Amino acid sequence: MIDPPALSGNLFLFERPELLSKEEHGHLGLLTTTPPFAFARKVSAVPLMVSEFRSAQRYYPIVFTERDDPTPLAVLGVPEERNLFIDDEGRWQVPGYIPAYLRCYPFALATAATDRYALVFDRSAEMISERPDVPFFDGDALSETVQKRLELCRTYQAEKQRTDAFCDTLKRLDLLVPQEASRSIDGQSEPIAQYFGVHRDRLMNLDEGTIATLLRDGSLGAIVAHLFSLDNFDELLRLRDRTIPR
């Protein structure tokens, strides 16, 4: 089974989340010399927003964690807990789309006590330093680099609401079923991943009105991207065989 990331709000991957403030963190910033994706070496699946499906489906299988409360994931490695797209130096080695969640890190938006979103960061991230190349703040304002990350986090949060609505539609229409990816070795089938995916026959049996609604709101395009993406399990296996010596 592809295990869902241990999400707490938007804080998957965060070991020590802190609310960013000038008073507490004015002396901190980012190291540009740190390999940008070293933190994701062992991330074999990452949350994916529905707006990313079109780009991500070219490179990664897009799957769902469960039927009742589904989260879309981009699968980055099978079956080991390893990201096959990151080399030993922590750099994204295979050209392709990098999921937005990883591009936001070490920042994210989290709900504050006022029910408003606040910018948080992972204090444990290797790229955070008291002797930074890029400071968090420029005077009393966020530095340009951090401001750009904030905008990316805001976009991600807005897309999360759309993604939640899309997943609610899949649940309401009962389209998600357990599925399995496998490979053949010496004539024997070996399972490599278990996940939830859209059942093609259930999709085809929807009435014309429902299909028209899915087409208009973009859900049908996302479903098709998900179905096409499942062919990438074969490419992941080929990448694993090239990356990990037997």
Side-chain angles (χ1 to χ4, degrees), residues 2-18 20 29-65 71-78 80-110 117 119-129 133-134 136 145-160 162-164 193 195 222 225-226 229 232 235-236 239-240 243:
I2 294 178
D3 294 326
L7 294 171
S8 176
N10 284 337
L11 302 183
F12 166 55
L13 289 176
F14 283 60
E15 295 181 8
R16 187 179 161 191
E18 295 184 9
L20 182 62
L30 300 171
L31 291 174
T32 59
T33 54
T34 302
F37 295 104
F39 67 90
R41 284 194 186 101
K42 295 183 179 181
V43 176
S44 57
V46 65
L48 197 69
M49 299 298 100
V50 68
S51 59
E52 301 180 88
F53 280 24
R54 181 176 178 181
S55 297
Q57 61 93 19
R58 299 171 56 195
Y59 307 99
Y60 319 113
I62 300 170
V63 304
F64 297 87
T65 55
T71 296
L73 303 177
V75 181
L76 308 176
V78 289
E80 297 87 359
E81 291 185 359
R82 172 170 176 169
N83 187 334
L84 295 172
F85 294 85
I86 296 179
D87 63 19
D88 292 337
E89 296 180 352
R91 303 184 187 280
W92 209 271
Q93 63 172 336
V94 180
Y97 179 79
I98 301 175
Y101 195 89
L102 299 182
R103 288 184 279 120
C104 287
Y105 186 85
F107 299 100
L109 290 183
Y117 289 110
L119 184 64
V120 299
F121 72 103
D122 187 358
R123 185 64 179 84
S124 69
E126 293 182 11
M127 63 191 76
I128 304 297
S129 174
D133 301 314
V134 178
F136 283 163
T145 296
V146 176
Q147 184 64 40
K148 289 180 179 178
R149 293 288 189 95
L150 172 60
E151 294 304 319
L152 180 59
C153 290
R154 284 174 173 165
T155 299
Y156 182 91
Q157 189 63 38
E159 290 299 329
K160 186 178 186 304
R162 180 183 168 201
T163 302
D164 290 344
Y195 56 90
H226 151 65
S229 78
N232 289 321
E235 182 55 37
L236 276 186
L239 181 58
R240 185 192 68 173
T243 304

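Quick note: numbers below take in every heavy atom, side chains included, and nothing from hydrogens, waters or symmetry partners. Being a predicted model, the structure only gives us computed values, none of them experimental.
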| query | Just wondering, are more than 12 heavy atoms of other shown residues or ligands nearer than 6.0 Å to CZ in Arg54? | reply | no
| task | Check whether the ring centres of Tyr60 and Phe85 lie less than 6.0 Å apart, and answer yes or no. | result | yes
| query | Got Leu73 and Thr65 here, is their nearest side-chain heavy-atom distance under 4.5 Å? | reply | yes
| query | Considering all heavy atoms of both residues, which atom of Ala225 and which atom of Gln57 are nearest to each other, and what is their separation? | reply | O-CB, 3.4 Å
| Can you name the closest pair of heavy atoms from Ala193 and Val78 and give their distance? | CB-CG1, 4.3 Å
| request: Mind running side-chain contact (heavy atoms from CB on, under 4.5 Å) on Leu109 and Val120 for me, showing each step along the way? | output: CA-CA 6 Å; Leu109 290 183; Val120 299; over 6 Å; no
| message | Run the side-chain contact (heavy atoms from CB on, under 4.5 Å) test on Thr32 and Val134 for me, step by step, so that the C-alpha distance in whole Å, both residues' side-chain angles and the decisive distance to 0.1 Å come before the verdict. | response | CA-CA 7 Å; Thr32 59; Val134 178; 3.7 Å; yes
| query | Heavy-atom distance under 4.5 Å between the side chains of Ile86 and Leu76, does that happen here? | reply | no
| field | Distance (rounded to the nearest 0.5 Å) between Leu30 CG and Ile128 CD1 | value | 5.0 Å
| said: Going by side chain to side chain donor-acceptor pair (under 3.5 Å), name the pairs with one or both residues in residues 83-94, residues two or more places apart or in two chains. | reply: none
Would you give me the side-chain donor-acceptor pairs under 3.5 Å for residues 147-154, sequence neighbours excluded?
unit_1: Gln147; atom_1: NE2; unit_2: Glu151; atom_2: OE2; d: 3.1
unit_1: Arg149; atom_1: NH1; unit_2: Tyr105; atom_2: O; d: 2.9
unit_1: Glu151; atom_1: OE2; unit_2: Arg154; atom_2: NH1; d: 2.8

| said: My understanding is that only residues two or more places apart in sequence, or in another chain, count here; which of them pass salt bridge (Lys or Arg N to Asp or Glu O under 4.0 Å) with Arg58? | reply: none
| query | Atom CD1 in Ile62, atom CG in Asn232: separation rounded to 0.5 Å? | reply | 8.5 Å
| field | Leu236 CG to Leu84 CG distance, which is reported to the nearest 0.5 Å | value | 6.0 Å
| query | For the atom pair CD (Gln157) and OG1 (Thr163), what is the distance rounded to the nearest 0.5 Å? | reply | 10.0 Å
| said: Whether the side chain of Arg103 engages the backbone of Ile98 through a donor-acceptor N/O pair (distance < 3.5 Å, no angle test) should be reported. | reply: yes
| query | Please walk me through it: do Val146 and Phe121 pass side-chain contact (heavy atoms from CB on, under 4.5 Å)? | reply | CA-CA 11 Å; Val146 176; Phe121 72 103; over 6 Å; no
| task | Report yes if some heavy atom in the side chain of Pro61 is under 4.5 Å from a heavy atom in the side chain of Tyr195; otherwise report no. | result | no
| message | I need the Phe39 CZ to Glu126 CD distance, nearest 0.5 Å. | response | 10.5 Å
| Are the side chain of Asp122 and the backbone N or O of Pro106 linked by a donor-acceptor pair below 3.5 Å? | no
| Does a side chain donor of either Glu159 or Ser51 reach within less than 3.5 Å of an acceptor in the other side chain? | yes
| request: Verify whether the ring centers belonging to Phe107 and Tyr156 lie closer than 6.0 Å. | output: no
| task | Supply the atom-to-atom distance Met49 CE to Asp164 CG, rounded to the nearest 0.5 angstrom. | result | 7.5 Å
